[in-house]
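Presented below is the structure to which this report refers.
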Amino acid sequence: ATVTLTVNQINIISPAGTIAALTINFPNSPSNNDFVEVTFNPSPVFSLPQTLTSCEFANLDVFTNNCTYEWYDGTTTSAHQTTHTGVDTLWVEVTLTTTTCVLRDSVEVTINPNPTINLGADTTICSYDTLQLDAGNGLGHSFLWNNNTTNQTLTVSASSEYSVTVTNNTTTCFNDA
């Protein structure tokens, strides 16, 4: 007699490197059962955070020994840098070369831009003149000039080098000029 068995899916959960035995019972067959040995190969071990927020760029690294990598954009290194401003879901597939087992993970990345600063070109003024430097950006930003003042603008009358750090108060992204 011919016995036909259709199995759509069998889920066996077992730690990597172990062997599990599965016995299938066949009613009315001479041996009444059959034995299948299943070996569980290890898969890569890594994880990305669920979300990541950064300024200007984000570096992701999923290095795992004996693995190959494929990122959403086709790059094949373990480390990846993204600079796209805004929100994106990025994924990577990591393949353990010794077993060819593949694990895929993704992360939602938000990249906020750094504030833009343009103080203009170097300027020469007469000793009795003043020059107003403007760090721009306005509301929602804080300013710190190299003379420790914290206004958006700085009026200067002496020869010197002037610099400012502008910080977005919401994202905490900053830029220096």
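Counting begins at 1 with the first residue of the sequence.
Q152 places none of its side-chain heavy atoms less than 4.5 Å from the side chain of N137. N175 places none of its side-chain heavy atoms less than 4.5 Å from the side chain of T116.
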Practice problem: Could you please spell out the steps behind the side chain to side chain contact (heavy atoms under 4.5 Å, CB included) verdict for T97 and T68? | Solution: CA-CA 7 Å; T97 55; T68 60; 3.6 Å; yes

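The CG atom of N169 lies 4.5 Å from the OG atom of S142; values are rounded to the nearest 0.5 Å. Residue N66 holds its CG atom at 12.5 Å from OG1 of T95, rounded to the nearest 0.5 Å.
There is a side-chain donor-acceptor pair under 3.5 Å between T165 and D176.
Within the structure, the salt bridge (charged side-chain N to carboxylate O under 4.0 Å, His left out) test picks out no pair touching residues 69-92 (sequence neighbours left out). Screening residues 60-128 for disulfide (SG to SG under 2.5 Å) gives no qualifying pairs among residues at least two apart or on separate chains.
Between N168 and H141, the shortest heavy-atom distance links the atoms CA-CD2, 3.6 Å. Summarising the geometry of C173 relative to P113, their closest heavy-atom pair is CB-O, 3.6 Å, with the distance given to 0.1 Å. The two residues E93 and V102 have their closest heavy-atom pair at CB-CG1, 4.2 Å.
Proximity of a side-chain donor or acceptor of T77 to a complementary backbone N or O of A79 within less than 3.5 Å is detected. Judged by distance alone, with hydrogens and angles left aside, the side-chain atoms of D134 form a donor-acceptor pair with the main-chain N or O of G136 at under 3.5 Å. At distances below 3.5 Å, at least one donor-acceptor pair connects side-chain atoms of T64 with backbone N or O atoms of V45.
Cluster partners of V109, using a side-chain heavy-atom cutoff of under 4.5 Å among ILVMFWY residues and allowing indirect links, are F46, L48, L52, L60, V62, F63, Y69, W71, Y72, L90, W91, V92, V94, L103, V107, I111. Under a 4.5 Å side-chain heavy-atom cut-off, the cluster of Ile, Leu, Val, Met, Phe, Trp and Tyr residues that includes V166 is completed by I117, L119, I125, L131, L133, F143, W145, L154, V156, Y162, V164.
Around atom CD of Q50, no more than 12 heavy atoms belonging to other residues, nucleotides or ligands sit under 6.0 Å away.
Listed by chain and residue number, F57, Q81 satisfy the side-chain contact (heavy atoms from CB on, under 4.5 Å) test with N59 (two or more places apart in sequence, or in another chain). For T124, there are no side-chain contact (heavy atoms from CB on, under 4.5 Å) partners at least two apart in sequence or on another chain.
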